[in-house]
> 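Just passing along the structure, written as structure tokens.
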Amino acid sequence: MLRRGVFFWHRDLDLILDDWASGRGLFLYTGRASSLGMHIGHLIPFMLARWFQEKFAVNVYIEITDDEKFLRNPEYTLEETAMWAYDNIFDIIAVGFDPDKTFIFQDTEYIRNIYPLVIKIAKKVNFSEVSATFGLRPSINIGAIFYPAIQLAPTMFEHRRCLIPAGIDQDPYWRLQRDIAGSLGYHKAAQIHSKFLPPLTGPEGKMSSSIPESAVYLSDNPKTVERKVMRHAFSGGQPTVELQRKLGANLEIDVPYQWLYYFLEEDDSKIKRLGEDYASGRILTGEVKQLLVEKLNSFLEQNRDRRENARELVDVFKYNGALAKRM
Ligand code: TYM
């Protein structure tokens, strides 16, 4: 994903690498606003965080913001968002984090431990900064105004520099963090951001739980995956075989190709050849969709197996004494 430019943007990654090379160290932080089921796009920052953890051998803090999800969605109850948090944590553990160096915490449970830090942050940020940064309207509930202080807190869990792998939509939080971190005696957090995996149904917009065919969920079974891809995946190929052979596909708008390109086809030479063959008309949309179905189903199957093992590990990750004590 780094080589292919899926993670396309960073801030201060050079300082992070310097800190690592000089032995000052660093830590990683990422998170998830719990909802009913995670789709494959949600896993992208976690996959990079896990890879960095392995390469750097550093701590990872993972915040599950059941509070954020509750505050931002009028229709959800706190009981629901807390229950989804429990479920989402299995999928996150299944990514393969190191149990000795990873701490996963759910805001509504853990807040008492971080509240002193949260209010120090809250006192540094004023209403007009938050409302301008997030475009909040005056009718917004006051919980949503306060919430950013909670998402910033983990960037200050250690005095080392923090690197945050995340989707690009999270950037507003980090801009606030960088304004105030120095005044509280912490480093400005560094970020590496990914593009958004496009919805299956078209190259624009976001995957949405209200349009189930727009996303592939980690819980989708092989038949559902096949149906979604074959029926709903947006193709940049031509409408007839003759035209496809003559004109080839437009890869820029072809979602099956994009999904393979993001991470599902791991072999660089294979994805290159696939792109050339598809763009020149040597292969057809049906073949690319078939490959996507196979890759998705094997990815999801591995995830399901690891998720089963994750159940036993929840307590290790959620109550990681060594890391929790430090705050
Ligand atoms: P949430 O739950 O919306 O998303 C979790 C992470 O997944 C990223 N993401 C995507 N990445 C690629 N393609 C997609 N289609 C896609 N959809 C979502 C998000 O950018 C995010 O990184 N406020 C956060 C929760 C949070 C957090 C954090 C995230 C708390 N602390 C620290 C990152 C880092 C949220 O609503 O994430």
Side-chain angles (χ1 to χ4, degrees), residues 1-2 4-11 27-50 52 60-73 76 81 84-85 87-89 91-92 95 102-108 110-111 114 117-118 121 130 133-134 143-144 146-157 162-178 189-209 211 214-218 255 258-259 261-264:
M1 289 192 285
L2 289 170
R4 294 185 192 171
V6 172
F7 281 88
F8 70 113
W9 191 96
H10 78 83
R11 200 189 265 127
F27 69 101
L28 295 160
Y29 161 44
T30 192
R32 157 87 180 133
S34 47
S35 68
L36 178 61
M38 288 176 71
H39 59 58
I40 58 163
H42 290 133
L43 281 192
I44 289 177
F46 291 98
M47 287 159 66
L48 187 72
R50 190 205 67 84
F52 275 140
V60 181
Y61 297 89
I62 299 174
E63 179 177 44
I64 311 294
T65 58
D66 52 345
D67 50 351
E68 174 190 16
K69 202 66 176 191
F70 168 69
L71 289 166
R72 283 188 170 265
N73 295 275
Y76 298 155
T81 63
W84 297 331
D87 182 78
N88 291 179
I89 287 172
D91 286 316
I92 292 169
V95 174
T102 308
F103 182 53
I104 303 179
F105 61 98
Q106 184 177 332
D107 283 345
T108 55
Y110 198 64
I111 191 71
I114 61 172
L117 179 58
V118 169
I121 294 169
V130 174
T133 305
F134 295 94
F146 182 76
Y147 167 75
I150 302 175
Q151 180 155 335
L152 300 201
T155 66
M156 302 175 198
F157 278 2
C162 171
L163 173 62
I164 307 168
I168 184 67
D169 61 323
Q170 301 299 307
D171 188 49
Y173 290 100
W174 321 134
R175 282 191 270 127
L176 281 183
Q177 194 274 359
R178 292 172 62 89
Q191 293 83 47
I192 179 155
H193 284 152
S194 77
K195 296 182 200 165
F196 258 49
L197 186 73
L200 204 52
T201 38
E204 302 290 334
K206 276 179 85 168
M207 296 194 235
S208 154
S209 46
I211 315 169
S214 70
V216 165
Y217 289 90
L218 302 181
V255 177
Q258 300 274 333
W259 279 29
Y261 185 87
Y262 264 64
F263 65 95
L264 290 160

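In listed order, ligands and their atoms are each counted from 1.
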> Mind checking whether R32 has an N or O less than 3.5 Å away from an N or O of ligand 1?
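In this structure, R32 places an N or O atom under 3.5 Å from an N or O of ligand 1.
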> With heavy atoms of T65 as the reference, note each atom of ligand 1 found under 4.0 Å away.
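So the answer, numbered in order with elements, is 25 (C), 30 (C).
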> Among G31, A215, A166, whose heavy atom sits nearest atom 6 (C) of ligand 1?
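Nearest option to atom 6 (C) of ligand 1, by heavy atoms: G31.
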> Any nitrogen or oxygen of T30, side chain or backbone, less than 3.5 Å from one on ligand 1?
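It does not: no N or O of T30 is found under 3.5 Å from an N or O of ligand 1.
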> At the 4.0 Å heavy-atom cut-off, does K195 count as touching ligand 1?
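Flag set, K195 near ligand 1.
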> Have Q191 and Q170 got a donor and an acceptor in their side chains that come within less than 3.5 Å?
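Distance-only check fails for Q191 and Q170.
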> Taking only heavy atoms of D169 into account, list the atoms of ligand 1 that are under 4.0 Å away from them.
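Taking each heavy atom of D169 in turn, ligand 1 has 19 (C), 20 (O) under 4.0 Å.
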> Considering G41, S35, G167 one by one, which has a heavy atom nearer to atom 10 (C) of ligand 1 than any of the others?
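Answer by nearest heavy atom: G41.
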> Taking distance alone, with N or O pairs closer than 3.5 Å, would you say Y29 contacts ligand 1?
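Min N/O separation from ligand 1 is below 3.5 Å for Y29.
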> Considering only protein heavy atoms, which is closest to atom 18 (C) of ligand 1, and at what distance to one decimal place?
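Going atom by atom, the protein heavy atom closest to atom 18 (C) of ligand 1 ends up being H42 CD2, 3.5 Å.
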> Would you indicate which of Y262, Y61, F196 comes nearest to atom 16 (C) of ligand 1 when only heavy atoms are counted?
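Residue with the shortest heavy-atom distance to the ligand atom: F196.
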> Among T65, D67, L117, which residue satisfies the side-chain contact (heavy atoms from CB on, under 4.5 Å) criterion with I150?
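That would be D67; it is the only one of T65, D67, L117 passing the side-chain contact (heavy atoms from CB on, under 4.5 Å) with I150.
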> What are the two closest heavy atoms between M207 and P199, and how far apart are they?
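That closest heavy-atom pairing would be CG-CA, 3.6 Å.
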> So, the side chain of W259 versus the backbone of P198: is there a donor-acceptor pair under 3.5 Å, distance only?
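A pair under 3.5 Å: yes.
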> Could you walk me through whether N88 and S34 satisfy the side-chain hydrogen bond (donor to acceptor under 3.5 Å, both in side chains) test, starting with their C-alpha distance in whole Å, then the side-chain angles of each, then the deciding distance to 0.1 Å, before giving a yes or no?
CA-CA 6 Å; N88 291 179; S34 47; 5.0 Å; no
> Does any N/O atom on Q170 come nearer than 3.5 Å to any N/O atom on ligand 1?
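Yes; at least one N/O pair falls below 3.5 Å.
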> Give yes if a backbone or side-chain nitrogen or oxygen of E68 is under 3.5 Å from a nitrogen or oxygen of ligand 1, and no if not.
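Yes - when backbone and side-chain N and O of E68 are compared with those of ligand 1, one distance drops under 3.5 Å.
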> If you look at every heavy atom in P165 and F52, which pair is closest and at what distance?
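Nearest pair, atom of P165 first, then F52: CG-CD1, 4.4 Å.
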> Considering the heavy atoms of Q151, write down every atom of ligand 1 situated less than 4.0 Å from one of them.
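Here the atoms of ligand 1 in question are 23 (N), 24 (C), 26 (C), 27 (C), 28 (C), 30 (C), 31 (N).
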> Relative to the heavy atoms of M207, which atoms of ligand 1 are at a distance of less than 4.0 Å?
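Listed by number with element, the hits are 15 (N).
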> Quick one: which of Y29, F105, F46 gives a side-chain contact (heavy atoms from CB on, under 4.5 Å) with I62?
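Among Y29, F105, F46, the one meeting side-chain contact (heavy atoms from CB on, under 4.5 Å) with I62 is F46.
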> Which of the atoms of ligand 1 are close to E63, meaning less than 4.0 Å from one of its heavy atoms?
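So the answer, numbered in order with elements, is 30 (C), 31 (N).
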> Minimum heavy-atom separation for P45 and T30, please, with both atom names.
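Minimum heavy-atom separation between P45 and T30: CB-OG1, 4.1 Å.
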> W174 heavy atoms, cut-off 4.0 Å: which ligand 1 atoms fall inside?
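Ligand 1 atoms under the 4.0 Å threshold to W174: 32 (C), 34 (C).
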> Is the backbone N or O of A189 less than 3.5 Å from a side-chain atom of R178, with the two atoms forming a donor-acceptor pair by type?
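Yes, R178 side chain to A189 backbone: donor-acceptor pair under 3.5 Å.
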> What atoms of ligand 1 come within less than 4.0 Å of a heavy atom belonging to I164?
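Near I164, the atoms of ligand 1 are 34 (C).
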> Going by side-chain contact (heavy atoms from CB on, under 4.5 Å), I40 matches just one of Y262, Y217, F263. Which one?
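Of the listed residues Y262, Y217, F263, the side-chain contact (heavy atoms from CB on, under 4.5 Å) partner of I40 is F263.
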> Go through the side-chain N and O atoms of Q177 and Y173 and say whether any donor and acceptor fall under 3.5 Å apart.
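Short answer, no.
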> Flag A33 as yes when one of its N or O atoms lies below 3.5 Å from any N or O atom of ligand 1, and as no otherwise.
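In this structure, A33 places an N or O atom under 3.5 Å from an N or O of ligand 1.
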